[in-house]
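Following: one structure in structure tokens, then a few remarks.
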Amino acid sequence: MGAALPLVAQVPAHASALPVFSSCQDVRRTNPIARDGTYLLINNGNVFTAYCHNMATTPSEYITLARTGQDVNFSQYTAGGASPGTNVRTAFTRLRVDPRTLTVDIGDLTFASSTGSLRHGSTTVTSMPYGAAMACNGRADGRGNIDLRDTPFRVNDTFVTGGNVPSGSASVSARNQVVGLLGGGYCGWITSAPAMYNPFNPGPGTPHIELRCARNGVILSGDQICVRLNNGAPVTTQVRQQGSQGRVIVQYGDRAVAVLGSDGQVRSLG
């Protein structure tokens with residue numbers, strides 16, 4: 001067993017031989033043959049797990065949603081009125097995040113699926129961004145849902161209406177892990193602040209919803225973790241040899257929170 005080594009968020013990942021990184025690109029620079037998977041990242045005072053996607057080409061960070069399906073973690077433009085067609089609903093299973101700020105790119109649909117099609121003026125609408133609800137019948141008939149329960153993250157943002165004669169509301173619950181959205185107007189919508197213009201058919205590169213660790217301290221939820229280093233407790237590591245394989249034990253204070261393989265991927269939590 002190796003001696004415990006201090007590891008703090010301000011220390012660049014390349015300053016240590018230990019497999020803890022600040023981004024998925026950092027993982028790839030250190031290990032060019034790293035595969036897609038879950039890694040432990042330390043960035044801007046946060047220690048958290050992220051799913052690294054497209055590791056062979058252009059790595060990017062995602063958090064995995066525990067609660068998925070057509071009726072959870074979705075955004076909907078409700079058809080009717082001046083927007084004929086069928087309800088457009090986009091449901092998400094992972095959210096792209098900036099590892100420096102934990103801001104969600106609400107327009108990244110890599111891990112999302114959409115149903116329905118409607119007309120907004122001369123535009124055909126087939127998808128919606130995360131955390132939005134829209135309608136064009138004079139009522140707040142648009143629907144949306146954010147549900148971060150069973151993940152170690154919470155929403156750290158406000159929601160506002162926009163558009164023509166807008167109306168709607170955001171109902172926040174479960175310690176800011178659940179947000180129910182109603183939005184509409186003629187045409188109108190609700191999104192996270194600041195208000196967006198015509199939030200449909202999104203593209204990547206739309207950072208808009210801030211996340212935070214769910215509460216102070218260590219949060220273990222499924223195969224994910226988020227720790228905010230704000231109470232003085234150190235993050236330390238211990239290197240152990242298990243047969244021919246090395247393992248890195250990550251501790252927050254006196255509590256073991258993660259076991260990493262020699263490639264940096266998370267093997268277990270807690």
Side-chain angles (χ1 to χ4, degrees), residues 51 53-54 58 60-97 103-149 151 155 157-172 178-209 211:
Y51 181 80
H53 180 60
N54 271 344
T58 54
S60 51
E61 298 81 11
Y62 292 81
I63 64 170
T64 300
L65 297 168
R67 303 193 179 210
T68 59
Q70 283 300 303
D71 296 322
V72 66
N73 282 308
F74 73 91
S75 298
Q76 179 174 298
Y77 188 157
T78 299
S83 296
T86 56
N87 296 342
V88 174
R89 178 172 291 203
T90 301
F92 295 77
T93 59
R94 286 192 174 109
L95 306 176
R96 186 169 182 176
V97 295
T103 301
V104 177
D105 182 349
I106 63 173
D108 189 305
L109 306 185
T110 302
F111 293 98
S113 59
S114 299
T115 57
S117 176
L118 59 79
R119 297 290 292 178
H120 179 94
S122 61
T123 301
T124 299
V125 177
T126 57
S127 62
M128 290 289 288
Y130 188 68
M134 184 171 181
C136 199
N137 58 5
R139 302 185 299 273
D141 282 347
R143 298 288 186 270
N145 172 266
I146 294 171
D147 194 334
L148 302 179
R149 287 176 295 175
T151 81
V155 175
D157 223 323
T158 57
F159 292 81
V160 295
T161 58
N164 185 43
V165 195
S167 62
S169 62
S171 176
V172 181
V178 177
V179 183
L181 297 171
L182 297 174
Y186 203 79
C187 300
W189 50 83
I190 188 169
T191 66
S192 56
M196 302 174 65
Y197 178 72
N198 282 349
F200 50 73
N201 294 344
T206 314
H208 218 263
I209 297 179
L211 303 183

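Note that these values count all heavy atoms, side chains included, but never hydrogens, waters or copies made by symmetry.
Using modelled atom types, no side-chain atom of Asp157 and backbone atom of Leu211 make a donor-acceptor pair closer than 3.5 Å. Remark: side-chain polar atoms of Asn73 are not paired, donor with acceptor, to backbone N or O of Thr93 under 3.5 angstrom. For the pair Asp105 (side chain) and Thr206 (backbone), a donor-acceptor distance under 3.5 Å is present. Proximity of a side-chain donor or acceptor of Thr78 to a complementary backbone N or O of Asp141 within less than 3.5 Å is detected. Side-chain atoms of Thr86 come within 3.5 Å of backbone atoms of Ser117 as a donor-acceptor pair (strictly under, hydrogens ignored). With Ser192 contributing its side chain and His208 its backbone, the two residues share a donor-acceptor pair below 3.5 Å. Looking at Asp147, its side chain never comes within 3.5 Å of a backbone N or O of Ala66 through a donor-acceptor pair. A donor-acceptor contact shorter than 3.5 Å links the side chain of Arg89 to the backbone of Gln70.
Between Phe200 and His120, the ring-plane angle classifies as tilted under the 30° and 60° cut-offs.
Of all the heavy atoms in Gly85 and Ala79, the pair that sits closest is O-CB, 3.4 Å. Across all non-hydrogen atoms, the minimal contact from Trp189 to Pro199 is CD2-CD, 3.4 Å. Taking every heavy atom of both residues into account, Leu109 and Met128 meet most closely at CD2-O, 3.9 Å. The shortest heavy-atom contact between Leu182 and Ala133 is C-CB, 4.3 Å. In this structure, Arg94 and Thr64 approach most closely via the heavy-atom pair NE-OG1, 2.9 Å. Among all heavy-atom pairs drawn from Phe159 and Val179, the shortest one is CE1-CG1, 4.0 Å.
No option in Phe92, Phe111, Tyr51 other than Phe111 meets the ring-ring contact (aromatic ring centres under 6.0 Å, His included) test with Tyr62. Test Ser113, Ser75, Ser114 against Thr90 for side-chain hydrogen bond (donor to acceptor under 3.5 Å, both in side chains) and you get one pass: Ser114.
A 4.5 Å side-chain heavy-atom check between Asn201 and Thr123 finds at least one atom pair inside the cut-off. With a 4.5 Å cut-off on side-chain heavy atoms, Ile106 and Thr191 do not count as touching. At a threshold of 4.5 Å between non-hydrogen side-chain atoms, the residues Asn145 and Gln76 do not count as touching. Side chains of Arg96 and Thr110 form no contact here, defined as non-hydrogen atoms less than 4.5 Å apart. Counting only heavy atoms from C-beta outward, the side chains of Tyr77 and Cys187 approach each other to under 4.5 Å.
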Can you check side chain to side chain contact (heavy atoms under 4.5 Å, CB included) on Val155 and Val172, steps first, answer last?
-> CA-CA 9 Å; Val155 175; Val172 181; over 6 Å; no

Check the pair Arg67, Thr151 against side chain to side chain contact (heavy atoms under 4.5 Å, CB included), reporting the backbone distance first and the verdict last.
-> CA-CA 9 Å; Arg67 303 193 179 210; Thr151 81; over 6 Å; no

Using the salt bridge (charged side-chain N to carboxylate O under 4.0 Å, His left out) rule, take Arg143 and Asp71 through it: C-alpha gap first, then chi angles, then the decisive distance, then the call.
-> CA-CA 10 Å; Arg143 298 288 186 270; Asp71 296 322; over 6 Å; no

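Between the side chains of Arg119 and Ser83, no donor-acceptor pair is found at a separation under 3.5 Å.
Put simply, CG on Leu148 and CG on Leu95 are 7.0 Å apart, with the number rounded to the nearest 0.5 Å.
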